[in-house]
Amino acid sequence: MLEREVKLPFTSAADARSAIIAAGAAPLRCRRLQEDALFDTDDESLRRRGCTLRIRMDSGRSLLTFKGPIQPGPMKLREEHETVVSDGEVLIHLLQSLGLHVWFRYQKFREEFAAEDATIALDETPIGTFIEIEGGERAILALSCALGRTPDDFILDSYRSLFLTRRNQFGLEGANMMFADEWSQRSS
């Protein structure tokens, strides 16, 4: 399956949520903490190929996702395969036993909305608030316009790349994009 998406920056979750509702999107999934772990081999073969292997913990549910290299274009477009896993912690151990290791962890609070031919995610991260629109090209363009944005506002970077460029601005230290409060952090 091909995934097509863009990110748009917003000054606050309240502003982003108001814009999403004003654009006519309907609530799909409530706000919850997502915790992601990216895996690679010791020689970084996945990253060198532009691929990602991720385990996401989301409200008691775990997802294993493989993303292929990004295809050139005005929107982020890449192959994506995802499956639900019954026990993410066991899968982490299994991948580590196979020689893979976690090279980046990140957290975000995500709330999702449905619109025609697209899903809109409102992401509150330690490096700012973003709306991520995933869907067909026309739907992404139409929703961006309805949100008061243009293709010039599109961010195609991963949260890892955004973290590296913004962490100093937000006073974050360490290699992972995690919230500072103890209740929202996982023990590794």
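Every value quoted in this text rests on a predicted model; they were computed, and no experiment measured them. Just so it is clear, the values below take in all heavy atoms, side chains as well, and ignore hydrogens, waters and symmetry mates.
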Answer yes or no: is there a donor N or O on one side and an acceptor on the other, between the side chain of Lys108 and the main chain of Glu35, under 3.5 Å? no
Working to the nearest 0.5 Å, report the span between OG1 of Thr129 and CG of Asp123. 9.0 Å
Minimum heavy-atom separation for Ala118 and Leu143, please, with both atom names. CB-CD1, 3.5 Å
What do you reckon, is CZ of Arg138 surrounded by more than 12 foreign heavy atoms closer than 6.0 Å? no
Is Ile92 reachable from Phe66 through a run of hydrophobic residues whose side-chain heavy atoms are each under 4.5 Å from the next? yes
Transitively linked via ILVMFWY side-chain contacts under 4.5 Å: Met178 with Phe163? no
Considering all heavy atoms of both residues, which atom of Ile20 and which atom of Leu147 are nearest to each other, and what is their separation? N-CD2, 3.7 Å
Can you tell me if Gln71 has over 12 outside heavy atoms packed within less than 6.0 Å of its CD? yes
With no hydrogens and no angle check, do the side chains of Asp42 and His101 hold a donor and an acceptor under 3.5 Å apart? yes
Given Leu64 and Leu91, is the side chain to side chain contact (heavy atoms under 4.5 Å, CB included) satisfied, shown in steps? CA-CA 9 Å; Leu64 175 66; Leu91 183 58; 3.9 Å; yes
Under 3.5 Å, is there a donor-acceptor pair between the side chain of Ser18 and the main chain of Asp15? no
Expected output: side-chain Asp40 to main-chain Arg47 donor-acceptor under 3.5 Å: yes
Between CG on residue Leu122 and CZ on residue Arg29, distance to nearest 0.5 Å: 14.0 Å
Counting distance only, does the side-chain N/O of Asp58 pair as donor-acceptor with the main-chain N or O of Arg61 below 3.5 Å? no
Quick check: is Val6 connected to Phe10 through a chain of hydrophobic side chains (ILVMFWY, heavy atoms under 4.5 Å apart)? yes
Would you call Glu80 and Lys67 a salt bridge, taking side-chain N to carboxylate O under 4.0 Å as the test? yes
Looking only at side chains, do Arg54 and Thr65 share a donor and an acceptor under 3.5 Å apart? yes
With rounding to the nearest 0.5 angstrom, report the CG to CZ distance, Leu8 to Arg149. 6.0 Å
Other residues, nucleotides, ligands: >12 heavy atoms within 6.0 Å of Gln169 CD: yes
With rounding to the nearest 0.5 angstrom, report the CG to CZ distance, Asp36 to Arg160. 14.0 Å
side-chain hydrogen bond (donor to acceptor under 3.5 Å, both in side chains) with Glu111: of Arg17, Arg31, Arg32, only one passes, and it is Arg17
Would you name the heavy atoms of Pro126 and Gln107 that are closest together and state the gap between them? CD-O, 3.5 Å
As an exercise, state the distance from CD1 of Ile133 to OG of Ser144, rounded to the nearest 0.5 Å. 4.0 Å
According to a hydrophobic-cluster definition based on side-chain heavy atoms being under 4.5 Å apart (Ile, Leu, Val, Met, Phe, Trp, Tyr only), do Phe130 and Met177 belong together? yes
Can you confirm whether more than 12 heavy atoms, excluding those of His81, are under 6.0 Å from its NE2 atom? yes
Do Asp43 and Thr41 have side-chain atoms, one donor and one acceptor, less than 3.5 Å apart? yes
Measuring only between side-chain heavy atoms, which start at C-beta, is Glu134 closer than 4.5 Å to Glu3? yes
Minimum-distance pair of heavy atoms, taken over all atoms of Leu156 and Gly73: CD1-O, 3.8 Å
Specify the closest pair of heavy atoms between Pro151 and Leu141, including all atoms of both residues, with the distance to one decimal. CG-CD2, 3.8 Å
Assigning hydrophobic clusters by single linkage (Ile, Leu, Val, Met, Phe, Trp, Tyr; side-chain heavy-atom cutoff under 4.5 Å), is Ile70 placed with Leu38? no
Using every non-hydrogen atom in the two residues, find where Phe179 and Glu124 come nearest and quote the distance to one decimal. CZ-O, 3.3 Å
Given Phe104 and Tyr159, is the ring pair (Phe, Tyr, Trp, His ring centres under 6.0 Å) satisfied, shown in steps? CA-CA 10 Å; Phe104 182 60; Tyr159 278 121; 9.5 Å; no
May I ask you to test the Thr52-Arg78 pair for a side-chain heavy-atom distance under 4.5 Å? yes
Do side-chain atoms of Arg49 reach the backbone of Gly68 as a donor and acceptor pair under 3.5 angstrom? no
